[in-house]
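Just follow the structure's listing: the first ligand is 1, and inside any ligand the first atom is 1. If you're wondering where the values come from, they're calculated on a predicted model, not measured in any experiment.
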Amino acid sequence: MREKIIIALDVDTKEEALGLATGLKDLAGAFKVGLQLYNNTGPGIVTELAGTGVKVFLDLKFHDIPNTASRAAEAVVGLGAFMFNLHASGGSKMMAQAAEAAKKRAAALGITPPLLLGVTVLTSMSEHELRDELGVARPLDEQVSSLALLCRDAGLDGVVASAREIPLIRKTCGEKFLIVTPGVRPAWAAQNDQERTVTPACAVNLGADYVVVGRPVTAAPKPQEALQRLLAEMDGEKC
Ligand code: C5P
């Protein structure tokens with residue numbers, strides 16, 4: 001189970017991030033660098049983390065013209081990330097070109113290309129916002145499955161999706177398509193600002209390949225113990 005856990009390093013400093021990664025590396029599959037840590041510390045944090053032997057998911061959600069997104073994707077490969085992402089709403093041309101550019105750069109460097117994920121509809125977005133603010137007339141579920149299919153057909157490896165979207169995406173995109181699910185909470189943890197959470201075991205049972213966990217572990221007084229408890233719960237829980 002531990003390979004499926006991605007720890008979100010949502011902290012401000014390099015020292016905090018490296019401290020958490022060092023303490024948790026034997027209990028987790030990968031570590032996520034998002035906008036908070038990246039913008040506080042710079043791209044070197046990815047190289048430094050990868051240099052300690054951990055896998056890094058760079059969660060910057062690119063959304064730009066195909067050329068810019070592709071050049072950014074090449075840079076991500078050079079940093080040594082194992083996974084990164086972009087917004088599916090950037091369109092299939094942007095996604096396909098970025099995927100191609102990352103593969104070419106990886107081949108030139110003689111390394112395995114990073115996994116590329118699409119973000120369909122942000123889970124913070126409501127049906128009402130999608131329709132009345134963004135002008136998307138079709139229902140949210142349809143928008144999610146249609147964008148997930150667009151991701152797959154553009155050559156992406158998978159999507160980031162909430163637990164409630166997993167069955168639909170599995171049905172639409174098949175068994176090999178990766179699903180990475182944030183917003184999970186062990187039974188004993190606080191919900192924080194997440195809504196409609198499921199436990200990590202339930203997310204995996206629904207078909208998630210990876211689950212992203214942040215504060216229940218990183219904000220715990222003893223992060224290692226919290227992650228051990230979470231893993232024990234995952235092994236024991238029937239969902
Ligand atoms: O602390 P917590 O477990 O809520 O952290 C979840 C992580 O997953 C955060 O880094 C958050 O930005 C990210 N995320 C999310 N919901 C999404 C996409 C990403 O919570 N829909």
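The shortest non-hydrogen separation linking L122 to V119 is CD2-CG1, 3.9 Å.
Scanning the protein heavy atoms around atom 2 (P) of ligand 1, the nearest turns out to be R185 NH2, 3.4 Å. When only non-hydrogen protein atoms are considered, atom 18 (C) of ligand 1 lies nearest to P182 CG, 3.6 Å. Atom 6 (C) of ligand 1 has Q194 NE2, 3.8 Å as its closest protein atom, hydrogens excluded (heavy atom only).
When L230, N192, T199 are each tested for a side chain to side chain contact (heavy atoms under 4.5 Å, CB included) with R185, only one passes: N192.
When each atom of ligand 1 is checked for a heavy atom of R215 under 4.0 Å away, the hits are 1 (O), 2 (P), 3 (O), 4 (O). If you number the atoms of ligand 1 from 1 as listed, the ones under 4.0 Å from a heavy atom of D10 come out as 9 (C), 10 (O).
Its side chain within the 4.5 Å cluster rule, I111 clusters with V77, L109 among the Ile, Leu, Val, Met, Phe, Trp and Tyr residues.
If you look at T123 next to ligand 1, the close heavy atoms, those under 4.0 Å, come from the backbone and the side chain alike.
Salt-bridge annotation for D209 and R170: present, with a side-chain N of the basic residue lying under 4.0 Å from a carboxylate O of the acidic one. A salt bridge links D141 with R164: the distance from a Lys NZ or Arg NE/NH1/NH2 to an Asp or Glu carboxylate oxygen falls below 4.0 Å. Taking the charged nitrogens against the carboxylate oxygens, R71 and D64 have no contact shorter than 4.0 Å, which rules out a salt bridge.
Under a 4.0 Å heavy-atom criterion, K32 is in contact with ligand 1.
Between V213 and ligand 1, a contact under 3.5 Å exists for no N or O pair. For ligand 1, the polar-atom distance check finds no N/O of D59 at less than 3.5 Å from any of the ligand's N/O atoms.
Rounding to the nearest 0.5 Å places OH of Y210 at 8.0 Å from NZ of K4.
For the residues V212, V184, V217, the heavy atom positioned nearest atom 7 (C) of ligand 1 is part of V212.
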